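Heavy atoms only: backbone and side chains are in, while hydrogens, waters and symmetry mates are out. A quick note: this is a predicted structure, and the numbers were derived from the prediction, not measured.
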Amino acid sequence: MLNAKSPSISTLLPELIQLETLIERLSQHKPPVPFQCDILAHIPCNDHLPQHHQNSLPLYAIHLGTPDPKAPLMLFVGGVHGLERIGTQVLLSYLHTIIERMTWDISLHHLLQRIQIVFIPLVNPVGMAKNYRSNGNHIDLMRNAPLNSEEKTAFLIGGHRLTPRIPWFRGHNSQQMELEADALTRYVTDLTTSRPVTLSLDCHSGFGLKDRIWFPYAHSAKQAFPYIGDVFHLRHTFMRTYPNQNYIFEPQALHYLCHGDLWDHITLQCLRQQQAILPLTLEMGSWRWIKKNPLQIRQALGIFNPIKPQRIQRVLQKHIVLMDFMINATANYPSWFNHADNPYYKQQALSRWYKKQQ
C-alpha cells in the first residue's frame, strides 16, 4: 500500500489513495464479505515521478462475489486514459456505494452468491499522475494492441506510429504491448475462461455532447461483432426498463475506425478460446461540460472532465442506474443471452447499424 500522507502522491493521484482506502475497508468489513484483491502489475514510475518514494505504482483488481470460476462475470474498468479521470472517479464512487450496501442489503449478498464482480478502476496510474492521455511512455493504451484495421481509419486519432509527441501514438511496430495493456489483456482473458458470459464496462470521456455506450468492433465498419444480437437484446431490455434514460447505444465504428483497439484485441482473444464476452464502453460526452463552462478548455483536464463540483457530483450519480442494470443483467443472463437460439435480435441489429452490409 502507498502512504496516504505522502504529499506528492496524494496531490498527483488522489484516486489511487481513495482506491486503497476502499480496499482497506473491504478487508476489514463486518461481517466479512467474499473479497479478493489482486495486483495485475507494478507500473514503474521512477523516471516519471522522480519525487515519488516508491519504484512503482500498483495496478489493482478487486473481486467481489462468488469465487466460482464458472459464475457469470461483470467487469468494470477505468483509467485507461490518464486525462479522463472522471471514469475512474465514477467507478470509485460506485464501489463505495456497493461497499456501503453490503452492510445492510441482504438482496445484494444473495446476488453476490451467484455472480462475480471485478473492478479495475485505474489501469494507467502513471499517466493519471502525470495528466497524460497516454501512459508514462507516451503510448496510448487504447491504440497499443497488435491489431491493424484493414479499412480506412481516422487520421491520427485512429492510431499512428509517427512519434510519441503526437497523441494516439501506438508504439513502434517492433515493440511489445505496454505493461498495463498486456496485464489487462492477460487478466481478462484468463478471468473469462469457462464462464457462461462476461460483461464489461470501460469508462471513458471526451466524445460528443451525449453519453454513448459503444461496443466492438472499432477496427471494422464492415464486420459485425459476433454477439451483436445479444448486445441488441441487452440494449432493448435496458431501453424498455429505463425508457427515460438518454444514452446512445451503438458500435464505435459508426463514428471512426482505429488501429490497435485494446477491447477489440481482448474480444478476439476470448473468441479464439470460445469465451463469451460483451465489452461495452461508456463514452461520457465531455463537450457539454465545455459548452456549459467554455473557460475550462484552457485546462488539459477541462477537455475531458467536469470541473465545477456540482457537475462532478451529477456525473458520479448519473451512471448508477446503468451500472446496477449491468450487474443485474449479468446475474440474469439467461433471460437475454441466447446467442445460438434466436436470430431475431441479430437481424434487428444488422438492420439498425449495418444497413450497407445487408
Taking Asp140 for the side chain and Arg133 for the main chain, is one N or O donor matched with an acceptor at less than 3.5 Å? no
Stepwise, does the side chain to side chain contact (heavy atoms under 4.5 Å, CB included) test hold for Glu24 with Gln28? CA-CA 6 Å; Glu24 188 68 20; Gln28 299 177 359; 2.7 Å; yes
Spacing of CD1 belonging to Ile166 relative to OG belonging to Ser134, to within rounding of 0.5 Å: 13.0 Å
Asn338 backbone acceptor or donor facing Asp230 side chain under 3.5 Å: yes
Ile120 and Ala61: which non-hydrogen atoms are nearest, and at how many Å? CG1-CB, 3.9 Å
Would you say Leu64 ends up clustered with Met326 if hydrophobic residues are merged whenever their side chains have heavy atoms under 4.5 Å apart, either directly or through other cluster members? yes
Does the ring centre of His29 sit less than 6.0 Å away from the ring centre of Phe35? no
Between atom OH of Tyr354 and atom CD of Gln223, what is the distance when rounded to the nearest 0.5 Å? 9.0 Å
The test is side chain to side chain contact (heavy atoms under 4.5 Å, CB included); show your working for Leu16 and Tyr60 and say whether it passes. CA-CA 9 Å; Leu16 184 54; Tyr60 285 116; 4.0 Å; yes
Among Leu73, Leu199, Leu278, which one satisfies side-chain contact (heavy atoms from CB on, under 4.5 Å) with Thr330? Leu199
Check the hydrophobic clustering (I, L, V, M, F, W, Y; side-chain heavy atoms under 4.5 Å; chains of links allowed) and say if Trp287 and Leu254 are grouped together. no
Could you go through Ile303 and Ile297, starting from their C-alpha distance and side-chain angles, then the distance that decides it, and tell me whether this counts as side chain to side chain contact (heavy atoms under 4.5 Å, CB included)? CA-CA 5 Å; Ile303 301 173; Ile297 202 170; 4.1 Å; yes
Would you check if the side chain of Arg311 reaches a backbone N or O of Ile307 as a donor-acceptor pair within less than 3.5 Å? no
Using side-chain heavy atoms (C-beta onward) and a distance below 4.5 Å, is Thr193 in contact with Gln275? yes
Is there a side-chain contact between Phe76 and Ile327 (heavy atoms, below 4.5 Å)? yes
Using ring centroids (six-membered ring only for Trp), state whether Trp214 and Phe249 fall under 6.0 Å. no
What pair of heavy atoms forms the shortest contact from Ala329 to Leu234, and how long is it? CB-CD1, 3.7 Å
Nearest-0.5 Å distance that lies between atom SG in Cys203 and atom CG in Leu91: 4.0 Å
CD1 (Ile106) with more than 12 external heavy atoms under 6.0 Å: no
Among side-chain atoms of Asn135 and Glu178, is any donor-acceptor pair under 3.5 angstrom? yes
Side-chain contact, heavy-atom cut-off 4.5 Å: His204 with Met142? yes
Quick check against the 3.5 Å criterion: does His259 have a side-chain atom that pairs as donor or acceptor with the backbone of Ser149? yes
Go through it in stages, so that I can follow the logic: the residues are Asn124 and Val80, the test is side chain to side chain contact (heavy atoms under 4.5 Å, CB included), and I'd like the CA-CA distance, side-chain angles, deciding distance and then a yes or no. CA-CA 5 Å; Asn124 182 10; Val80 174; 5.7 Å; no
Side-chain heavy atoms nearer than 4.5 Å, only ILVMFWY residues, links allowed to pass through others: does that put Val90 and Phe304 together? no
Does a donor on one side chain and an acceptor on the other come within less than 3.5 Å for His255 and Glu250? yes
Heavy-atom pair of closest approach, residues Gly171 and Ile139: CA-CD1, 3.9 Å
Do Ile228 and Lys346 have side-chain heavy atoms sitting under 4.5 Å apart? yes
Contact between Pro125 and Met128 at the side-chain level, heavy atoms closer than 4.5 Å - yes or no? no
When clusters are formed by joining ILVMFWY residues with side-chain heavy atoms under 4.5 Å apart, either directly or through shared neighbours, do Leu59 and Leu22 land in the same one? yes
Looking at Met177, is its backbone amide N or carbonyl O close enough to the side chain of Asp182 to form a donor-acceptor pair, meaning the two atoms are under 3.5 Å apart? no
With a cut-off of 6.0 Å (strictly less than), are more than 12 heavy atoms of other residues, nucleotides or ligands near CD of Glu151? yes
Note, Leu322 side chain near Leu201 side chain (heavy atom, < 4.5 Å): yes
Six-ring centre of Phe232, Arg235 cation under 6.0 angstrom, axis tolerance 45°: yes
Can you tell me how far the CG atom of Asn328 sits from the CD1 atom of Ile115, to the nearest 0.5 Å? 7.5 Å
Verify, without hydrogens or angle tests, whether Thr103 (side chain) and Glu100 (backbone) share a donor-acceptor contact under 3.5 angstrom. yes
Counting neighbours of OH on Tyr344 that are heavy atoms of other residues, nucleotides or ligands and sit closer than 6.0 Å, is the number greater than 12? no
Main-chain N/O of Lys70 paired to Ser194 side chain as donor or acceptor, under 3.5 Å: no
Give a yes or no on this: more than 12 heavy atoms of other residues, nucleotides or ligands lie within 6.0 Å of atom CD of Gln310. yes
When you compare the side chains of Gln269 and Thr189, does any donor N or O come within less than 3.5 Å of an acceptor on the partner? no
Consider only side-chain heavy atoms of I, L, V, M, F, W and Y, link residues closer than 4.5 Å, and tell whether Tyr94 and Leu122 are in one cluster. yes
Where do Ala224 and Leu350 come nearest, in terms of heavy atoms and distance? CB-CD2, 4.0 Å
So, for Phe337 and Tyr227, is the gap between ring centers shorter than 6.0 Å? yes
Find the distance between CG (Leu111) and CZ (Arg101) and round it off to the nearest 0.5 Å. 8.0 Å
Between the OH atom in Tyr187 and the CG atom in Leu40, the distance rounded to the nearest 0.5 Å is 5.5 Å
Measure from the side-chain N and O atoms of His233 to the backbone N and O of Trp336, and report whether any donor-acceptor pair falls under 3.5 Å. yes
Please give me the minimum heavy-atom distance between Cys258 and Gln252, naming the atom from each residue. SG-NE2, 4.0 Å
Working for side chain to side chain donor-acceptor pair (under 3.5 Å), residues Thr88 and Glu15: CA-CA 7 Å; Thr88 293; Glu15 291 84 358; over 6 Å; no
Quick check: do Leu184 and Leu141 have side-chain heavy atoms less than 4.5 Å from each other? no
Whether the side chain of Gln296 engages the backbone of Asn305 through a donor-acceptor N/O pair (distance < 3.5 Å, no angle test) should be reported. yes
Min side-chain heavy-atom separation Met102-Leu112 under 4.5 Å: yes
Mind checking whether Phe169 and His172 have parallel, tilted or perpendicular rings, split at 30° and 60°? perpendicular
Tell me whether the count of non-hydrogen atoms from other residues, nucleotides or ligands lying under 6.0 Å of CZ in Arg186 goes above 12. no
Is there a donor-acceptor pair closer than 3.5 Å between any side-chain N or O of Arg170 and the backbone N or O of Arg143? yes
Could you pull out the closest heavy-atom pair between Pro279 and Phe225, with the gap in Å? CD-CZ, 3.9 Å
I'd like to know whether NZ of Lys210 has more than 12 heavy-atom contacts from other residues, nucleotides or ligands below 6.0 angstrom. no
